[in-house]
Amino acid sequence: MVISAKEMLQQARAGKYAVAQMNINNLEWTKSVLAVAQELQSPMILGVSEGAGKYMTGYKTVVAMTNAMLEEMGITVPVALHLDHGSYEHCYKCIDAGFMSVMFDGSHYPIEENVAKTRELVEVCHSKGISIEAEVGSIGGEEDGVIGMGECADPDECKKIADLGVDFLAAGIGNIHGKYPANWQGLSFETLEAVKAKVGDLPLVLHGGTGIPDDMIKKAISLGVAKINVNTENQLAFAAATRKYIEAGKDLEGKGFDPRKLLAPGAEAIKDVVRTKLELFGSVGKA
Ligand code: 13P
């Protein structure tokens with residue numbers, strides 16, 4: 001079904017649930033995510049980072065693979081392909097390659113430059129029917145072994161970016177990518193409420209969906225979060241299942257090395273993560 005990411009999130013916002021953005025890295029991940037979205041009749045956003053796009057040989061390959069899989073797997077639930085944390089240049093690459101949705105992450109620029117670049121990209125995207133997410137307040141994470149604490153966005157800066165007509169907004173509320181450190185203070189609901197008061201019904205995005213306690217996820221959804229991104233949890237599940245398979249010596253059984261068998265436990269593990277998240281986010285049956 002073709003509905004834009006914007007419509008998906010508006011419906012989620014109104015219905016008080018969140019659409020999952022599951023990041024994809026290869027064919028197996030995409031297949032697992034799509035299969036569960038269809039099984040649970042849930043809308044789905046497939047996130048593609050710049051690194052994942054490069055790994056898959058480029059954005060055109062990702063578009064072609066996804067479109068072919070939607071057809072050949074008989075997927076009828078709404079699915080949108082979305083650039084995750086795109087630079088200015090890569091937003092244009094994805095627009096040219098046929099993405100339906102992009103995130104422009106200008107959070108590292110001074111706010112005026114973030115505003116100028118976001119304004120331009122909003123115009124270009126909307127003239128082509130593409131949805132656009134913007135970011136205010138950098139979302140931290142592990143870099144070179146050091147875990148940076150997530151920033152809390154300035155609500156007035158959020159309003160400036162929201163007023164440009166972006167379709168959804170990632171506002172930092174203390175969330176970070178990857179594993180949360182033991183001394184993490186939790187999400188700042190104070191910031192989330194202040195942002196919501198400034199941007200009204202604009203759907204908000206929560207990055208760093210791995211490792212946030214369930215009650216915080218539910219509270220964030222009740223306060224306007226309509227999209228939650230998950231990547232690390234799928235990576236961890238994939239790695240653990242693959243390691244278990246190899247440690248049991250199963251890769252050496254039968255007719256020798258078969259990548260389809262080697263990758264199967266990881267693909268199943270991803271399905272389990274996706275099922276759990278869709279239940280938690282409340283998007284089951286919302287397709
Ligand atoms: P995690 O890797 O922490 O799940 O975050 C994913 C994300 O926010 C992608 O933008």
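Read the numbers this way: they start at 1 and go in the same order the structure lists the ligands and their atoms. Numbers here are sequence positions counted from 1.
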Visitor: Answer yes or no: does an N/O atom from Glu233 fall short of 3.5 Å to an N/O atom of ligand 1?
Guide: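 No, there is no polar N/O contact under 3.5 Å.
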Visitor: Between His85 and His177, does the ring centroid distance fall short of 6.0 Å?
Guide: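 Yes, close enough.
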Visitor: Quick one: look up the protein heavy atom nearest atom 8 (O) of ligand 1 and list residue, atom name and how far away it is.
Guide: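 Protein heavy atom at minimum distance: Gly208 N, 2.7 Å.
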Visitor: Quick one: pull up OG1 in Thr30 and CG in Leu70 and give me the separation to the nearest 0.5 Å.
Guide: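 Here the rounded value is 10.0 Å.
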Visitor: Kindly identify the option in Thr232, Ile176, Ile228, Leu236 whose heavy atom sits closest to atom 1 (P) of ligand 1.
Guide: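 It is Thr232 whose heavy atom sits nearest to atom 1 (P) of ligand 1.
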Visitor: Relative to the heavy atoms of Gly178, which atoms of ligand 1 are at a distance of less than 4.0 Å?
Guide: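 Counting atoms of ligand 1 from 1, those under 4.0 Å from Gly178 are 1 (P), 2 (O), 3 (O).
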Visitor: Following the transitive rule for hydrophobic clusters with a side-chain heavy-atom cut-off under 4.5 Å over Ile, Leu, Val, Met, Phe, Trp and Tyr, establish whether Val36 and Val273 coincide in one cluster.
Guide: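 Cluster IDs for Val36 and Val273 differ.
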Visitor: State whether Tyr59 and Lys93 meet the cation-pi test: NZ (Lys) or CZ (Arg) under 6.0 Å from the six-membered ring centroid, and within 45° of the perpendicular axis.
Guide: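 Because its charged atom misses either the 6.0 Å distance or the 45° angle limit, Lys93 does not stack over Tyr59.
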Visitor: Should Trp29 and Asn231 count as side-chain neighbours, where that means a heavy-atom distance under 4.5 Å?
Guide: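 A side-chain contact under 4.5 Å exists here.
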Visitor: Would you give the length of the straight line joining atom CD of Glu151 to atom OG of Ser107, rounded to the nearest 0.5 angstrom?
Guide: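 One finds 7.0 Å between CD of Glu151 and OG of Ser107.
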Visitor: Rounded to the nearest 0.5 Å, how far does CD1 of Ile75 lie from OG1 of Thr66?
Guide: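 CD1 of Ile75 is found 11.0 Å from OG1 of Thr66.
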Visitor: Any idea which atoms of ligand 1 are less than 4.0 Å away from a heavy-atom of His207?
Guide: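 Going through ligand 1 atom by atom, the ones under 4.0 Å from His207 are 8 (O), 10 (O).
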Visitor: Could you tell me whether ligand 1 has any atom less than 4.0 Å away from a heavy atom of Gly47?
Guide: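 The answer is no, since Gly47 has no heavy atom less than 4.0 Å from ligand 1.
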Visitor: Pairs of nitrogen or oxygen atoms closer than 3.5 Å, one from Asp84 and one from ligand 1: do any exist?
Guide: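 N/O-N/O distance under 3.5 Å: yes.
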Visitor: Check ligand 1 against Gly209 and write out every atom of the ligand that is under 4.0 Å from a heavy-atom position of the residue.
Guide: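 Those of ligand 1 that fall under 4.0 Å from Gly209 are 4 (O), 5 (O).
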Visitor: Give me the nearest non-hydrogen protein atom to atom 4 (O) of ligand 1 as residue plus atom name, then the distance to 0.1 Å.
Guide: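 Looking only at protein heavy atoms, the one closest to atom 4 (O) of ligand 1 is Thr210 OG1, 2.5 Å.
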Visitor: Under 3.5 Å, N or O to N or O, is Asn229 touching ligand 1 that way?
Guide: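 It does: an N or O of Asn229 is found under 3.5 Å from an N or O of ligand 1.
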Visitor: Which ligand 1 atoms, with their elements, are less than 4.0 angstrom from a heavy-atom of Asn231?
Guide: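 Taking each heavy atom of Asn231 in turn, ligand 1 has 1 (P), 2 (O), 4 (O), 6 (C) under 4.0 Å.
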Visitor: Tell me the contacting part of His85 for ligand 1: side chain, backbone, both, or neither, using a 4.0 Å heavy-atom threshold, strictly below.
Guide: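 For His85, only side-chain atoms sit under 4.0 Å from ligand 1.
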Visitor: Mind checking whether Tyr92 and Tyr88 have parallel, tilted or perpendicular rings, split at 30° and 60°?
Guide: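 Plane angle over 60°, so perpendicular.
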